[in-house]
Amino acid sequence: MPDARRAGPIALLLAFAACSPPAPDNGPEPAPPPADTTGDPVDLVVEGRWVLTMDDADTILEHGAVAIDDGIIVAVGPARDIDARYAAAERLGGDNRVVLPGLINGHSHAPMTLLRGVADDLDLMTWLNAYIFPAEVEFVDPEFVRIGTELACWEMIRGGTTTFVDMYYFPDVIAEVVDSCGMRALISTTVIGQRSPDGEGAEQDIADGLEYVERWKGKHPRITPIFGPHANYTLNEQQLRATREAANQAGVPISIHLSESPFEVDYSKRTYGTTSIAFLDSIGFFDGTTTIGAHVVWPTEEEIPILAERKVGVVYNPTSNMKIASGVAPVAAMLRAGVRVGLGTDGAASNNDLDLWEEMRLAAFLQKVGRMDPTVLPASTVLRMATAGGAEAIGLGDTIGSLEPGKRADLIQVAFDDVHFVPVYDVVSHLVYVADEQDVATTVVDGRVLMRDGELLTIDTERVRREATELAARIQSALAERRAASSAPQP
Ligand SMILES: [Zn+2]
């Protein structure tokens, strides 16, 4: 770049052009051909000024379209060709819009939206043991979970997230909300070695979990029941082994907090004689169905190849890692080693939102400053982690994550209307470094439109807002009473 500056403004412009993808022409979209009612009938055509397929070649179509029928992508191509070939029952125009696969949130605790802001600015173990676990035992019931999940689905659909991997309590309730709101989810039945809102301990959690899996496995096109052993510091070796056996027996994946904090690594060394990932590998925890490991901030150099070999899907949660000061995950090293890495928000109590756009931006920034190297984790890599890479990490790479014929139709339109998108040199750069939840115009899951032009179609948002506000008021006054009681002079 110094050479270009010395050579003057024209050379500088060329230098910029050379290091960016081809600048899209900003001309008007060609007029669509007259509606062809003789084409093959399809349910839906979604058009875009730009269509990012996120296929292996990173194909970007200008003035493209996606044809969808019966929940499946049947064709992706130039809008003119798609319009000529298909007669769509519904057509979503693409002026100034970017079409891309729906975003994948690989780690969340959806109902914790109701605890957002209840306790901030604490370290992980204080936050969990002094605030979150006691509050959950006291307040979390099926009603809490229903309202919190609806609130989460509202935010996720609004922000263009189409799939999430959840870990919380009362998984049947979460699944019922996911069914009605239209999203896709892997929903854990949590296993934890202590009393929780829906169980007395790990043994009961596993038995209940097997029944829950039986109720949902293979019964719903968008819902995958999975096991969610909380962590290796809330479960002992026997309980971890038993959870893995149950998941294998049921044929469903596992999601677990993995190598999240220095506390966990120390605990693992003290308790098991080695670090988390090496210990879990030594007991065969990664053998069998897919393991989704949330966080993985502190893998040792020896542990990274284990993650690649065992095909453990790693979910990077930069906002939570920063807020709780868990650390900087070695994401570039994991990607280099062939580890599948996706992105997640973690729960709204440690984030405090479910915005994957912010997560993408912070994913890149935290890596850059953590390594003091601005070339680490470029925008295209981050966007892949939120889409096709995330799908692979959670074991759904053959089903979702890219816009290709045969895949399920999970996609979004981002409106490039706001001033912060002007001008457009590089669409991928804008999506990662500029876009926010509010820029998403359309969200489609399994071919069904869940949000059109910013309007939520499957959630009664006013009812959810009212119910969440009322429930939070009850939690707030109970917490205030408890604080008053604990600070009152003892008799
Ligand atoms: Zn978590």
Side-chain angles (χ1 to χ4, degrees), residues 104-120 122-129 131-133 135-136 140 145 148-149 152 155-156 161 163-171 174 185-194 196-198 205 226-235 240 243 253-265 267 276-277 280 291-299 312-327 329 341-356 358-359 362-363 390 393-394:
I104 296 171
N105 187 346
H107 182 64
S108 65
H109 310 280
M112 291 184 86
T113 45
L114 285 174
L115 296 176
R116 88 170 105 213
V118 81
D120 296 310
L122 298 164
D123 75 88
L124 175 65
M125 298 324 292
T126 309
W127 180 76
L128 276 179
N129 292 322
Y131 292 86
I132 296 302
F133 287 151
E136 286 179 337
V140 173
V145 170
T149 307
E155 183 179 349
M156 287 194 279
T161 296
T163 294
F164 64 105
V165 180
D166 210 62
M167 182 195 286
Y168 211 61
Y169 308 105
F170 302 103
I174 298 176
L186 279 66
I187 303 165
S188 299
T189 176
T190 295
V191 182
I192 189 162
Q194 63 195 43
S196 72
D198 68 352
D205 291 341
I226 66 174
F227 271 91
H230 178 265
N232 78 354
Y233 56 90
T234 46
L235 292 162
L240 289 161
T243 311
I254 272 181
S255 171
I256 184 170
H257 293 103
L258 185 60
S259 203
E260 177 176 2
S261 63
F263 163 84
E264 178 187 326
V265 176
Y267 176 92
S276 296
I277 295 163
L280 288 170
T291 303
I292 302 164
H295 299 295
V296 194
V297 178
W298 297 100
V312 174
V314 166
V315 179
Y316 176 39
N317 301 263
T319 305
S320 172
N321 295 163
M322 284 191 278
K323 185 166 185 253
I324 306 176
S326 297
V341 187
L343 271 186
T345 57
D346 209 351
S350 63
N351 186 303
N352 291 356
D353 56 31
L354 306 176
D355 181 353
L356 275 173
E358 181 183 49
E359 214 63 37
L362 293 178
I394 66 169

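Indexing begins at 1, ligand by ligand and atom by atom, following the structure's order.
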Can you name the N, O or S atom of D346 that is closest to the Zn ion (ligand 1)?
-> OD1

What atom name does the N, O or S atom of H109 nearest to the Zn ion (ligand 1) carry?
-> NE2

Qualifying residue for side chain to side chain contact (heavy atoms under 4.5 Å, CB included) with D205, from T189, L235, T243, V191 = V191

Would you please test N351 and S320 for side chain to side chain donor-acceptor pair (under 3.5 Å) and show each step?
-> CA-CA 5 Å; N351 186 303; S320 172; over 6 Å; no

S108 side chain vs V165 backbone, donor-acceptor pair below 3.5 Å = yes

N, O or S atom of E260 closer to the Zn ion (ligand 1) than 2.8 Å | no

Would the H230 and H109 ring centres measure less than 6.0 Å apart?
-> no

